[in-house]
Amino acid sequence: MEAKMSKEKPKVAFYWCSSCGGCEESIVDLAEDILDVVEAIDIVFWPVALDFKKKDVEAMEDGSIAVSFINGAIRLSEQEEMVKLLRKKSQLVVAHGSCSHLGGIPGLGNFWNKETIFNRAYHTTPSTDNPDGTVPLEKVEVEGKELTLPSFYDTVYTLDQVIDVDYYLPGCAPPPDLILNAVKAILEGKLPPKGSVLSPNKSLCEDCERNETKPEKLAIQEIKRPWEVEIDPEKCFLAQGIICMGPATRTGCGERCIEANMPCRGCFGPTDQVYDQGAKFLSALASILDTDDEKEIEKIVDTIIDPAGTFYRFSLPYSILRRRKMEAVK
Amino acid sequence: MNKRITIDPITRLEGHGKIEIFLDDKGDVDRAFLQIPELRGFEQFAVGRPAEEMPRITPRICGVCPTAHHMASTKALDDLFHVEPPPAGKMIRELIYNAFQFEDHTLHFFFLGGPDFVVGPQAPAAERNILGVIGKVGLEAGKKVIRARREARDIINYLGGKVIHPVCGLPGGVSKGLDEEHRIQFLETSKFTVEFAQFALQIFDDIVLKNKEYVDVVVGDAYKIITYYMGLVDENNKVNFYEGDIRVVDPEGKEFVKFKPREYLNHVAEHVEPWTYIKFPFLKNVGWKGFVEGKESGVYRVAPLARLNTSDGMATPLAQEHYEKMYETLGGKPVHNTLAFHWARLIEALQAAESMVKLLENKDITDPKIRNIPTETPDEGVGVVEAPRGTLFHHYKTDEKGIITEANLIVATVNNAAAINMSIEKAAKTFIKGGNVSEGLLNMAEMAFRPYDPCHACGTHALPGDMPLIINIYDKNKDFVKQLKR
């Protein structure tokens with residue numbers, strides 16, 4: 001197949017770090033459109049689909065890859081090495097999906113550290129049978145044979161905390177239309193300013209069909225959890241007292257979760273004007289509560305279960321919090 | 001001279017994967033290791049989250065099979081909150097789940113495992129991909145493959161919000177119902193899926209079963225390991241993907257144990273090795289004896305062939321016919337030939353498709369009552385489903401407010417971790433003799449793990465390309481000797 005591709009086609013690389021494979025699936029979900037994309041580019045590196053080796057990439061000239069789409073957060077030494085190499089070889093780097101953009105769900109690991117995660121995985125889970133207290137090691141000899149593993153970091157990083165990133169494709173996973181638009185923009189050289197998030201810069205509420213039912217002020221006494229109540233499929237979640245991250249989240253997703261009658265959890269991250277998605281949500285919530293009494297506001301906010309894990313569901317490593325201080329855990 | 005062979009990376013595993021093969025003085029295989037250099041720590045960072053968020057968090061374990069995690073998690077919430085979904089809520093879940101099982105299975109056959117057979121094990125590597133398959137079965141068929149995937153995934157998109165990480169599961173039901181218009185539309189889709197699954201089985205029949213050379217590969221010893229098997233069965237011991245009891249059969253096919261999801265800790269334990277981040281589940285009441293076969297070893301297998309081996313038959317009539325044919329052809333139950341996973345997978349795809357039709361022909365599925373709101377205090381719950389890649393366990397404990405205090409997950413592919421290692425080692429031992437590492441090893445090593453469809457065995461193979469395999473050979477001083485590559 002490679003032989004059929006002309007040398008003029010832009011070279012494209014795909015790589016995954018700490019992720020689930022959903023971003024790869026999102027590319028396959030281009031379905032029939034994928035054939036056009038493949039026709040227009042020359043894929044030089046894609047671990048899940050094509051022949052590759054790190055040293056093949058090392059052998060490429062610096063800047064010879066037109067664009068690298070990198071998904072997943074950075075949690076292992078191997079991932080850090082690989083993305084630094086790809087940065088060197090690529091003209092453009094696109095952070096593909098919530099994990100590389102914001103840290104994503106694996107970023108919730110920043111509530112903990114390597115020690116607590118290993119302890120849970122290899123010692124205290126009830127099905128684990130580990131009388132000798134074995135843990136995976138970066139270097140180990142088994143019957144005289146040396147085996148190595150990449151090191152596991154205490155902290156999960158976003159891609160741009162490790163390398164320079166040109167563009168961000170938001171979402172968990174990014175919807176096919178945004179991916180296709182991004183690829184087309186790159187192919188046609190119609191690029192937005194560096195650092196852009198490739199999705200409209202407005203909040204999800206502005207596009208949400210339920211927005212008309214969102215009141216100026218919410219007359220709610222307490223926050224409801226989705227399992228506790230019948231959810232009205234027409235009415236704004238916040239108006240129903242259910243936490244929905246819409247006000248603090250960028251649009252472009254097609255309101256897919258809302259369509260399934262479930263509230264937004266913020267996977268697209270904040271708009272350009274906002275840095276910290278969680279802080280933004282808290283202030284948005286406080287401003288729409290129908291009371292000016294601070295104690296009253298505090299009382300309502302106190303009924304929110306797991307605010308940190310909800311407001312920063314996808315963006316903990318990206319946020320000003322970054323991670324929990326582990327001294328506080330011990 | 002001791003040699004070391006590294007296959008790095010092999011792909012389409014859960015995360016990255018690396019095979020290390022060590023040769024002894026004679027140049028025969030001493031040991032082979034499949035290392036999984038990845039861990040994300042879901043069990044730890046689940047702690048502190050509201051239980052109802054778990055169906056939205058845990059699918060991120062795997063973007064290839066998010067629906068399996070979503071459903072296991074949702075069922076764990078039913079158990080945790082002591083609530084059952086109303087009939088339509090349950091039917092919608094089962095519809096989503098069967099649509100998922102169908103699209104995942106058929107995708108595997110056409111894009112991944114299938115090329116080995118459809119195009120032929122001896123075909124040039126450049127043809128052993130989806131384009132090669134299309135070349136062999138025709139463009140029309142190729143278009144059908146893309147359509148089948150898209151339409152089945154549209155059902156999940158509609159009901160689940162997103163096919164990659166669905167959001168609709170709540171304790172006691174689902175968040176979105178099915179209207180009559182969509183019932184009719186999806187019924188059409190599901191009839192097409194039945195036709196498509198039969199078409200896939202016909203291809204398997206024409207290309208594999210009618211070719212003695214292929215059949216010999218399937219039944220050969222290189223791809224055979226003798227183990228226990230595990231899978232969910234319904235009250236008649238028929239294959240069920242969504243619910244039931246967990247049945248284990250011994251290497252002779254006799255029922256070893258049948259247990260409820262909540263009892264899993266009495267039967268399954270996980271062994272830890274220092275050279276990989278993955279754990280190795282085994283049958284607790286047999287014990288961990290290492291990476292060895294047979295009745296004395298607690299190693300068991302899951303996923304399509306395992307499910308057929310553990311059951312007394314399929315739950316739907318057309319799939320049952322193929323079930324009978326498979327065991328007749330391969331010499332009765334249980335079948336230990338790893339390559340038969342491919343056949344079993346297609347039989348399961350047919351059951352999934354037939355089940356979709358059955359669910360959608362029943363108008364009760366459009367009943368607007370899709371949820372029962374929990375009223376009891378949450379405490380502890382276990383949810384088990386059959387993911388395409390095997391039995392999947394989600395186990396949560398919470399405080400009285402429903403905040404997770406403890407989580408334990410045994411993920412489908414992990415159940416097969418020991419067996420995958422053993423299969424690779426066995427194939428390597430068969431094909432590497434006296435230090436003679438032939439080009440054919442590349443294909444053979446690959447064929448040893450592909451039947452298990454390890455978790456990142458995703459549809460990315462849709463793109464033209466070959467299985468990336470590189471084998472580096474080093475001498476005992478770790479000096480590079482030779483590279484095999486394709």
Side-chain angles (χ1 to χ4, degrees), chain A residues 1 18 20-26 28 31-32 34 38 43 47-53 76 78 105-106 108-109 111-112 116-117 120-122 125-130 134-137 140 142-143 145 147 149-150 152 172-173 225-228 231 256-257 259-262 265 305-306 309, chain B residues 9 11-12 20 22 31 33 35 37 39-41 43-45 48-50 52 56-57 60-64 66 146 150 160-162 164-165 167-168 170-171 175-176 265 268-277 279 288 374 401 403 408 410 456 458-466 468 470:
Chain A
M1 199 59 202
S18 190
C20 68
C23 286
E24 269 75 23
E25 287 274 322
S26 72
V28 182
E32 284 85 348
I34 201 168
V38 169
I43 301 173
V48 290
L50 296 171
D51 195 351
F52 94 104
K53 181 79 182 164
L76 299 170
E78 183 183 76
I105 294 285
L108 290 172
F111 284 122
W112 308 95
T116 50
I117 287 172
R120 182 72 195 152
Y122 301 114
T125 28
S127 50
T128 298
D129 178 57
N130 189 8
T134 305
V135 283
L137 299 169
V140 66
V142 181
E143 299 164 25
K145 302 158 182 68
L147 294 161
L149 288 169
F152 185 94
C172 183
R225 292 162 69 180
W227 65 267
E228 292 177 309
I231 304 171
R256 298 173 293 177
C257 300
E259 281 291 314
N261 202 22
M262 288 293 275
R265 286 293 173 257
I305 304 281
D306 187 27
Chain B
T11 65
R12 289 172 288 151
E20 297 276 9
F22 292 91
R31 285 292 304 273
F33 299 88
Q35 294 180 274
L39 174 73
R40 283 163 297 159
E43 287 154 328
Q44 184 61 21
F45 63 66
R49 309 284 84 77
E52 70 273 18
R56 302 189 67 172
I57 291 174
R60 272 74 181 193
I61 291 169
C62 177
V64 182
I146 291 176
R150 184 171 34 82
K162 303 186 298 170
I164 303 171
H165 308 318
V167 300
C168 61
L170 283 165
S175 63
K176 185 178 182 178
L265 285 173
V268 181
E270 295 177 283
H271 171 78
V272 181
E273 287 282 335
W275 47 267
T276 180
Y277 285 128
K279 290 187 279 187
W288 175 259
K401 282 183 170 170
I403 308 301
N408 191 37
I410 301 178
H456 265 152
C458 57
T460 42
H461 207 240
L463 285 175
D466 312 322
I470 293 168

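In what follows, chains carry the letters A, B, and so on, assigned in the order in which the sequence lines appear, proteins first and then strands, with residues in each chain numbered from 1. Just so you know, these numbers use all the heavy atoms, side chains as well, and skip hydrogens, waters and symmetry mates.
Per-residue heavy-atom pair counts under 4.5 Å with chain A were compared for B:P50, B:G41, B:G48, and the maximum is reached by B:P50. Across B:A269, B:C168, B:P66, the residue that shares the most heavy-atom pairs under 4.5 angstrom with chain A is B:A269. The most heavy-atom pairs under 4.5 Å with chain A, out of B:R31, B:K176, B:E52, come from B:E52. Contact count against chain B (heavy-atom pairs under 4.5 Å) is highest for A:T134 among A:I231, A:N261, A:T134. With chain B as partner, the option from A:E228, A:E259, A:R225 having the largest number of non-hydrogen pairs under 4.5 angstrom is A:R225.
Only the side chain of A:V140 comes within contact range of chain B, with at least one heavy atom under 4.5 Å from a heavy atom of that chain. Looking at B:L170, the atoms closer than 4.5 Å to chain A (heavy atoms on both sides) all sit in the side chain, from C-beta outward. In this structure, the portion of B:L265 lying under 4.5 Å from any heavy atom of chain A is its side chain and not its backbone. B:V272 touches chain A through backbone and side chain together, each having a heavy atom under 4.5 Å away. The contact between A:E143 and chain B is made entirely by side chain atoms (from C-beta outward), counting heavy-atom distances below 4.5 Å. With a 4.5 angstrom heavy-atom cutoff, A:C172 touches chain B via backbone and side-chain atoms both. In this structure, chain A has heavy atoms under 4.5 Å from both the backbone and the side chain of B:E43. If you measure heavy-atom distances from B:P374 to chain A, the contacts under 4.5 Å come from both the backbone and the side chain.
Rounding to the nearest 0.5 angstrom, the gap separating the CD atom in B:Q44 from the CD1 atom in A:I117 is 6.5 Å. Distance check: B:K162 NZ to A:M262 CE gives 11.5 Å after rounding to the nearest 0.5 Å. Interatomic distance, CG of A:L137 versus CD of B:E273, reported as 11.0 Å (0.5 Å rounding). We find the CD1-CD1 distance between B:I61 and A:I105 to be 10.5 Å, quoted to the nearest 0.5 Å. For the atom pair CD1 of B:I164 and CZ of A:R256, the computed distance is 7.5 Å after rounding to the nearest 0.5 Å.
Of all heavy-atom pairs spanning B:F45 and A:W112, the tightest one is CA-NE1, 3.6 Å. Scanning both residues, B:G63 and A:E25, for their nearest heavy atoms gives O-CG, 3.5 Å. Across every non-hydrogen atom of A:Y122 and B:Y277, the tightest pair is OH-O, 2.6 Å. Listed here is the closest heavy atom pair of A:A260 and B:G160: CB-C, 3.9 Å. In terms of heavy atoms, A:L147 sits closest to B:E20 at CD2-CG, 3.7 Å. The shortest heavy-atom contact between B:R49 and A:D306 is NE-OD2, 2.6 Å.
The closest side-chain heavy-atom distance from B:H271 to A:D129 is not below 4.5 Å. At a threshold of 4.5 Å between non-hydrogen side-chain atoms, the residues A:I305 and B:I403 count as touching. In this structure, A:C257 and B:R56 have side chains that are in contact, with non-hydrogen atoms separated by less than 4.5 Å. Looking at A:S127 and B:V268, their side chains never come closer than 4.5 Å, going by heavy atoms from C-beta outward.
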Evaluation steps, side-chain contact (heavy atoms from CB on, under 4.5 Å), between A:K145 and B:W275: CA-CA 10 Å; A:K145 302 158 182 68; B:W275 47 267; over 6 Å; no
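In this structure, a donor-acceptor pair under 3.5 Å is present between the side chains of B:K279 and A:T125.
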